[in-house]
Amino acid sequence: MKKRYQSTRNEDVLATSSEAILTGMSPDGGLFVLKDIPRYMTSSEKLMDKNYQQLAIDVLTLFLEDFTLEQIEYCVNKAYTDTFSDEKVTPLKKVGEHYILELFHGPTSAFKDIALALLPRLMETSLTIQKRSETLLILTATSGDTGKAALEGFKDNPLVKLIVFYPDQGVSNIQKLQMETQEGLNVRVTAIDGHFDDAQTAVKTLFNDEDLKQHLNQVGIQLSSANSINIGRLIPQIVYYLDAYRQLLVNHDIQVDELVDFIVPTGNFGDILAGYYAKQLGLPIRKLVCASNQNHVLTDFLSTGCYDSRRQFYKTSSPSMDILISSNLERLLFYASGQDEPYVKKCMETLATTGQFTVNQKVLTNIQQDFACGYVTDQEVLETIGEVYKEHHYLLDPHTAVAYRVMKERGDELVKQVVLATASPYKFLETVAKGIQMKNPAEDPFRLMLQLEEKTNTQAPSSLKELQKKPVRFSDCLDKAYIKDYVVQQVKELTK
Ligand SMILES: *Cc1c(COP(=O)(O)O)cnc(C)c1O
C-alpha cells in the first residue's frame with residue numbers, strides 16, 4: 001500500500017496511517033504529515049444531511065488510508081455512542097451575536113476527550129492492521145487535561161498500559177482530584193515536583209532512552225505517545241469544525257458557503273491546526289484566530305515571523321495554554337513553506353540549539369493568509385468571565401474566556417465568529433467564581449461547586465460532582481530525577 005504520511009523533516013521517511021498512529025513521532029525527530037490533503041467538498045451544502053458520527057467517518061476515511069470502512073465505523077461508533085453527555089457531541093450555542101462551540105461534554109469535561117475517546121480505538125485497530133502483538137506503554141506528561149482524558153480513554157484497555165505525570169504545581173483542585181481518584185487496573189498516575197515543562201522534559205528523555213527501550217522490548221512492550229504530536233490525536237479534531245459549520249447552516253445562521261472565523265484558545269497548536277486541515281478540506285473558513293494568554297510566544301510569531309521561546313514563563317489562570325514550545329507549529333511550517341523539508345529541519349534545529357528562529361517573508365505571508373492572533377492577561381480573563389455572565393448569563397472557563405476576549409478586541413463584525421470552548425467552567429472553579437464576583441466563595445471545591453450551581457442556576461457535570469465520593473488512589477509526588485526507576489518499577493507491577 002502507498003504510504004501517505006511523511007516526516008516534516010525528510011520526504012524519504014514514510015509511514016502508513018496505522019504506522020504513524022502507533023509510533024506517535026517520526027524516527028528522525030520530525031512529525032508525520034499528510035503530503036496531499038484531499039479535498040472533501042466543493043460546496044458546504046454537502047454537510048447538511050450528516051450528523052457528527054457520519055462526518056467523523058467521512059474525515060477518517062480521507063486520512064486513514066490503510067483502515068477499512070468497517071474498521072473506521074467501528075472506531076467512531078465506539079468512541080461517540082453514549083460517551084458524551086450531549087447527543088450532538090459538540091453543540092453550538094448562540095451567545096449574543098456570536099457562537100460558542102462547546103467541546104467539553106465528554107467524560108473529563110475538556111476538549112481533549114474528543115480525540116482521546118477515539119485514539120484508543122485507532123491504536124487497537126492499528127495493532128491489528130500491523131499484525132503486532134506487543135503491549136503498548138503510553139507515557140504522557142500533562143498540564144492537566146490531556147492526562148485525565150487519556151486515562152479515561154485507555155482505562156482497562158487490555159492492550160495498553162498508561163502512566164501519566166502531572167506537575168505538582170499548576171493544575172486546578174478539580175484537575176488534581178480527577179487524577180488522584182482515577183480508576184483502572186492498567187494505569188498509574190503521579191505528580192512530579194515542578195512545572196509542566198519539567199514533567200514534559202522528563203518524559204521526553206525517557207522516549208530517547210535506548211537502555212529503557214531495550215528493557216521494555218525484552219518484556220514485549222513498545223513505547224507510544226498520546227500527545228497531540230500523534231496524528232491520531234489531530235485527525236478527530238477536524239470533525240468538529242465541519243460539524244460547527246453544519247450546525248450554523250442547519251439553524252439558518254449562515255448561507256451555503258458563507259465565510260466564518262474560528263477563534264481558538266491555543267497551547268500546543270493542535271486544536272487550531274485541525275482547523276487548518278478543515279480549511280484545506282474545503283470548509284469556508286476566512287481566518288483561524290490563535291488566542292493566547294500571557295505566554296504569547298505564538299502571537300509574536302504570527303505577527304512578526306520570529307519565534308522566540310527565550311522569555312519568562314508565566315503561570316496563568318488558563319494552565320493548559322501555559323506553553324512556550326508549541327509542537328504542532330512544525331506541521332504548519334511544513335505546509336506554509338511549500339513542503340520544504342530541509343527548511344523545516346533548519347528552523348527546528350535552530351530552535352533547539354538557540355531557543356528561537358525566524359521564517360522568511362514568503363512563509364510569513366502564507367501563514368498570515370490563514371491565521372490571525374491576539375493575547376490577553378489574567379485580569380482581562382476575569383473581566384471577560386464577569387461581563388459575559390452579566391450580559392448573557394453564560395459561564396466561560398478561563399481558556400474559553402481568552403478566546404472570547406481576543407474575538408472582542410478584534411471587533412470584526414464582517415463575518416460570523418465562532419469561539420471554541422475547550423473546558424467546562426466547573427473545572428476551574430476558583431477563577432470562575434472570582435470572575436463573576438461571587439460573595440464568600442468556599443475553599444472546599446465541592447462546596448464551591450454547589451455555590452456556583454446555585455448562584456448561576458447551571459449544572460456541574462456529573463462526573464465532576466462524583467469525584468467527591470471516590471477514594472484517592474494516587475497521591476505520590478515524584479522527584480523527577482527518579483522518573484526512570486519509577487517507570488521500570490510500575491511496569492513490573494502492571495505486567496505481573
Ligand atoms: C489543551 C487545551 C488547550 C490548548 O489546545 P492545543 O491543542 O494544545 O493548542 C486549550 N484549552 C484547554 C482547556 C485545553 O485542555
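Remember, it's 1-based here, ligands and their atoms both numbered in the order they're listed. Given the structure is predicted, the values throughout are model-derived calculations rather than measurements.
- Aromatic ring pairs are classed by plane angle as parallel below 30°, tilted from 30° to 60° and perpendicular above 60°; the pair H195 and F313 is tilted.
- Residue contacts with ligand 1: D271 is placed with a nitrogen or oxygen under 3.5 Å of a nitrogen or oxygen of the ligand (distance criterion only).
- Y241 has its ring centre less than 6.0 Å from the ring centre of F262.
- Aromatic ring orientation, F371 versus Y276: parallel (interplanar angle below 30°, classes split at 30° and 60°).
- Side chains of Q312 and N295 form no contact here, defined as non-hydrogen atoms less than 4.5 Å apart.
- Residue contact check: T266 has heavy atoms under 4.0 Å from atoms 9 (O) of ligand 1.
- Residue F111 touches ligand 1 through its side chain alone, judged by heavy-atom distances below 4.0 Å.
- Checked against a 6.0 Å centroid threshold, the rings of H399 and F111 do not count as neighbours.
- Protein heavy atom closest to atom 12 (C) of ligand 1, with residue, atom name and distance, is T422 OG1, 3.4 Å.
- You'll find the ring centres of F63 and Y277 inside the 6.0 Å limit.
- Here the side chain of Q53 pairs a donor or acceptor atom with the backbone of Y80 at under 3.5 angstrom.
- Nearest protein neighbour of atom 9 (O) of ligand 1, counting heavy atoms only, is G267 N, 2.8 Å.
- Between F269 and ligand 1, a contact under 3.5 Å exists for at least one N or O pair.
- Near A423, meaning under 4.0 Å from one of its heavy atoms, ligand 1 places the atoms 13 (C).
- Taking a cut-off of under 4.0 Å to the non-hydrogen atoms of D145, the atoms of ligand 1 that pass are 12 (C), 13 (C), 14 (C), 15 (O).
- Residue contacts with ligand 1 for N268 involve both N, CA, C or O and side-chain atoms from C-beta outward (heavy atoms, distance under 4.0 Å).
- Of all the atoms in ligand 1, the ones that sit under 4.0 Å from a non-hydrogen atom of G270 are 6 (P), 7 (O), 9 (O).
- Scanning all protein heavy atoms for the shortest distance to atom 14 (C) of ligand 1 gives K112 NZ, 2.8 Å.
- When only non-hydrogen protein atoms are considered, atom 10 (C) of ligand 1 lies nearest to P265 O, 3.6 Å.
- The closest donor-acceptor contact from the side chain of D145 to the backbone of K112 lies at 3.5 Å or more, if one exists at all.
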